[in-house]
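Just so we're clear, the structure is a prediction, and the values are computed from it rather than from any experiment. By convention in this document, chain letters (A, B, ...) are assigned in the order of the sequence lines, proteins followed by strands, and residues within each chain are numbered from 1. The basis for the numbers below is simple: all heavy atoms, side chains too, and nothing from hydrogens, waters or symmetry mates.
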Number of protein chains: 2
Amino acid sequence: MGYTYQYPRPSVTVDCVVFGLDLAAEDLKVLLIQRKKDPFAGLWAFPGGFVEEDETLEESAKRELQEETGISRLYLEQLYTFGDPGRDPRGHTVTVAYYALVKLSDHTPKAADDAKAVDWFSVSKPPKLAFDHAKILKMALARLRAKVRYQPIGFELLPAKFTLSQLQRLYEIVLERPLDKRNFRKKILGMGLLIDLEETQKDVAHRAAQLYRFDEERYRGLVAEGFNFEI
Amino acid sequence: MGYTYQYPRPSVTVDCVVFGLDLAAEDLKVLLIQRKKDPFAGLWAFPGGFVEEDETLEESAKRELQEETGISRLYLEQLYTFGDPGRDPRGHTVTVAYYALVKLSDHTPKAADDAKAVDWFSVSKPPKLAFDHAKILKMALARLRAKVRYQPIGFELLPAKFTLSQLQRLYEIVLERPLDKRNFRKKILGMGLLIDLEETQKDVAHRAAQLYRFDEERYRGLVAEGFNFEI
DNA sequence: GCGACTTGGTGTATAGTTTACACTTATGTC
DNA sequence: GACATAAGTGTAAACTATACACCAAGTCGC
């Protein structure tokens, strides 16, 4: 039993580069799964798998993520498609890579799901990766760093309620450079995209900061008028 | 005779959205091929075709372009991968779309190659397109418009030797808005990326303009130092 | 040969944006 | 209540972007 075609076809897979922000450790993390089988048994790889009949690429990416890591709510965007004939030793495989942003607090430990080891790693010192996943990670990071500056996707990495300092730290971690506190606040508040929740942090050993949330509706309205987000 | 696999596999194709700039008509053009066979016989589509064994996606795109239109020297960049199950009535087909920029002067008439009709169309009023190619064109245009502002890819659309007015017109056509002549010249010359060829236009019925070429080497050098091109 | 036509080429002043920079306030801990 | 920690706040200077109009050079037609 099998599926027969007149011409050879490459396999088609999806891979998800899932980023999470660890505010406590001030570090950007990536979610990886340890491979149990060859090729590359023991190495780490992005969650992903074969595209099935009658599903879109994005559905496929979401399904694989759900199956392998339990993650469901996330920001997902297509990154790039990798199709070099030698990238999978089992045969020509084209993979459509996605990158995803999740609120780390919603998906914290998440180790050992269905017998597979799943863990978060610092993007700056990942373990040895299977296939061409190191190259994919590099591209995903470059995309995230570029995109975070002109699209308000950073909020996807923060809890729904956040302080201005947390938001600033997010940008500092992703962009790997310090930002001036007063200028940052002036700029971000000036956009009018943050809603002051009139609520402050609890249980912090210093002056409690004001909490905000991102005003997505207003962002959509402003974009329609030609507004450009920029950090 | 055929190729048999344990699980079903979608077909994998590449499609190329080739842009050319018609300075005489002040119009951005896209290269299309008229389909002879069903599905969508008679409609127009991007050059493209099936990815073969042992070729990279980019090689595949270049090969198809060469075969179907004779175009070889061009700027080529991956755009997006489209894989909705219903996009090809013959069955699940994943297409990796590329967009390409060519110097129209190098590939002018190009109609009727191997019995297939090939022609340039204005991007603003294309003919009826096959498959989901209207959606792909829309995305390619959006990408071109975004990218032309922060990467010096516009030069790929101009002849090697060009005038500042031609360069300005290119941006006006692609971005669909007028630019101030003095400000444009100040900005573009200020980047130091143009080499004054100390040569002027010939055979024009008015004062002949200075010719320039793009200094690609210097651009690479500046990028390495952290320079950002921006119009 | 000269006037009309077409496009090339040039500078400055103003408004807006970005950057650099340091102290006071609020809260919990010891 | 002194200390530690992070929150919160304004201004001046440098730089960048924008708006704007005329003369120069060459061809065409008479």
Side-chain angles (χ1 to χ4, degrees), chain A residues 21-26 148-150 158-159 161-173 175 177-213 222 225-231, chain B residues 21-26 148-150 158-159 161-173 175 177-213 222 225-231:
Chain A
L21 185 75
D22 185 343
L23 278 171
E26 305 225 329
V148 89
R149 283 172 37 188
Y150 62 90
L158 288 179
K161 298 176 179 184
F162 52 84
T163 71
L164 288 180
S165 294
Q166 288 172 337
L167 186 60
Q168 182 179 341
R169 231 162 289 138
L170 150 66
Y171 281 101
E172 290 177 330
I173 292 167
L175 300 177
R177 68 183 154 92
L179 299 171
D180 179 88
K181 182 160 66 163
R182 277 178 289 190
N183 294 339
F184 180 81
R185 282 163 187 249
K186 204 190 312 172
K187 189 166 205 170
I188 206 90
L189 288 176
M191 292 183 195
L193 290 173
L194 297 188
I195 293 171
D196 183 336
L197 291 169
E198 301 190 346
E199 188 186 340
T200 52
Q201 281 181 304
K202 299 277 176 269
D203 305 315
V204 285
H206 51 77
R207 175 173 176 180
Q210 197 52 240
L211 289 169
Y212 294 85
R213 71 173 180 86
L222 286 174
E225 294 167 24
F227 168 83
N228 276 310
F229 180 88
E230 202 180 331
I231 292 291
Chain B
L21 186 74
D22 184 343
L23 278 172
E26 306 224 329
V148 89
R149 282 172 36 186
Y150 62 89
L158 288 179
K161 299 176 179 184
F162 52 83
T163 70
L164 289 181
S165 294
Q166 288 173 337
L167 186 60
Q168 183 180 340
R169 232 160 289 139
L170 150 66
Y171 281 101
E172 291 178 330
I173 292 166
L175 299 177
R177 66 183 155 92
L179 300 172
D180 180 87
K181 182 159 66 162
R182 278 178 288 192
N183 293 340
F184 180 80
R185 282 163 187 249
K186 205 189 313 174
K187 189 165 203 170
I188 206 91
L189 289 175
M191 293 182 193
L193 290 173
L194 297 187
I195 294 173
D196 184 335
L197 291 169
E198 302 191 344
E199 188 187 339
T200 51
Q201 280 182 305
K202 299 278 177 267
D203 305 316
V204 285
H206 51 77
R207 176 174 176 179
Q210 197 51 240
L211 289 170
Y212 294 85
R213 70 174 181 85
L222 286 174
E225 293 167 25
F227 168 83
N228 275 311
F229 180 89
E230 202 181 330
I231 292 290

query: What heavy-atom pair brings A:Ile231 and A:Val148 nearest, and what distance separates the two atoms?
result: CG1-O, 4.4 Å
- request: Starting at atom CG of B:Leu167, determine the distance to atom P of C:dT7, rounded to an integer number of angstrom.
  value: 18 Å
- prompt: Within this structure, what is the CZ-to-P distance between B:Arg185 and D:dT16, rounded to whole angstrom?
  reply: 22 Å
- request: Provide, to the nearest angstrom, the distance between the NZ atom belonging to B:Lys202 and the P atom belonging to C:dG8.
  value: 15 Å
- request: Write down the distance between CD (B:Gln210) and P (C:dT7), rounded to a whole number of angstrom.
  value: 19 Å
message: Please enumerate all residues that pass side chain to side chain contact (heavy atoms under 4.5 Å, CB included) together with B:Asp196, with sequence neighbours excluded.
response: B:Glu198, B:Gln210, B:Tyr212
statement: Rounded to the nearest 0.5 angstrom, the CG-CG distance for A:Leu167 and A:Leu23 is 10.0 Å
statement: Taken in chain and number order and not counting sequence neighbours, the residues that satisfy side-chain hydrogen bond (donor to acceptor under 3.5 Å, both in side chains) with B:Gln168 are B:Glu172
task: Calculate the interatomic distance between A:Ile188 atom CD1 and C:dT18 atom P; express it in whole Å.
output: 13 Å
- prompt: A:Leu211 CG to D:dA6 P: how many Å, rounded?
  reply: 17 Å
- prompt: Expressed in angstrom and rounded to an integer, what is the separation of A:Phe184 atom CZ from C:dT17 atom C1'?
  reply: 17 Å
query: Reckon B:Ser165 has a side-chain N or O less than 4.0 Å from the OP1 or OP2 of C:dT7?
result: no
task: Can you measure from CG (A:Leu211) to CG (A:Leu164) and round to the nearest 0.5 angstrom?
output: 9.5 Å
Give me the distances for all protein-to-nucleotides 18-21 of chain D N/O pairs that come in under 3.5 Å?
residue, atom, partner, partner atom, Å
D:dT18, O4, B:Lys186, NZ, 3.0
D:dA19, N7, B:Asn183, ND2, 3.0
D:dA19, N6, B:Asn183, OD1, 3.1
D:dC20, N3, B:Arg182, NH2, 3.3
D:dC20, N4, B:Asp180, OD2, 3.2
D:dA21, N1, B:Arg182, NH1, 3.3

message: Measuring only between side-chain heavy atoms, which start at C-beta, is A:Thr200 closer than 4.5 Å to A:Lys202?
response: yes
- prompt: In whole Å, what is the span from the CG atom of B:Leu164 to the P atom of D:dA24?
  reply: 20 Å
task: Output all residues satisfying salt bridge (Lys or Arg N to Asp or Glu O under 4.0 Å) with B:Glu199, sequence neighbours left out; order by chain, then residue number.
output: B:Lys161
Give me, pair by pair, the N or O atoms of the protein and of nucleotides 27-30 of chain D that are less than 3.5 Å apart, along with how far apart they are.
none

- request: Look up atom CD1 in B:Ile173 and atom CG in B:Asp22, then write down how far apart they are to the nearest 0.5 Å.
  value: 8.0 Å
Please tabulate, one pair per line, all N/O donor-acceptor pairs under 3.5 Å involving side-chain atoms of residues 177-193 of chain B, not counting sequence neighbours.
residue, atom, partner, partner atom, Å
B:Asp180, OD2, B:Arg182, N, 3.1
B:Asp180, OD2, B:Asn183, N, 2.9
B:Asp180, OD2, B:Asn183, ND2, 3.4
B:Asn183, OD1, B:Lys186, NZ, 3.4
B:Arg185, NH2, B:Ser165, OG, 3.3

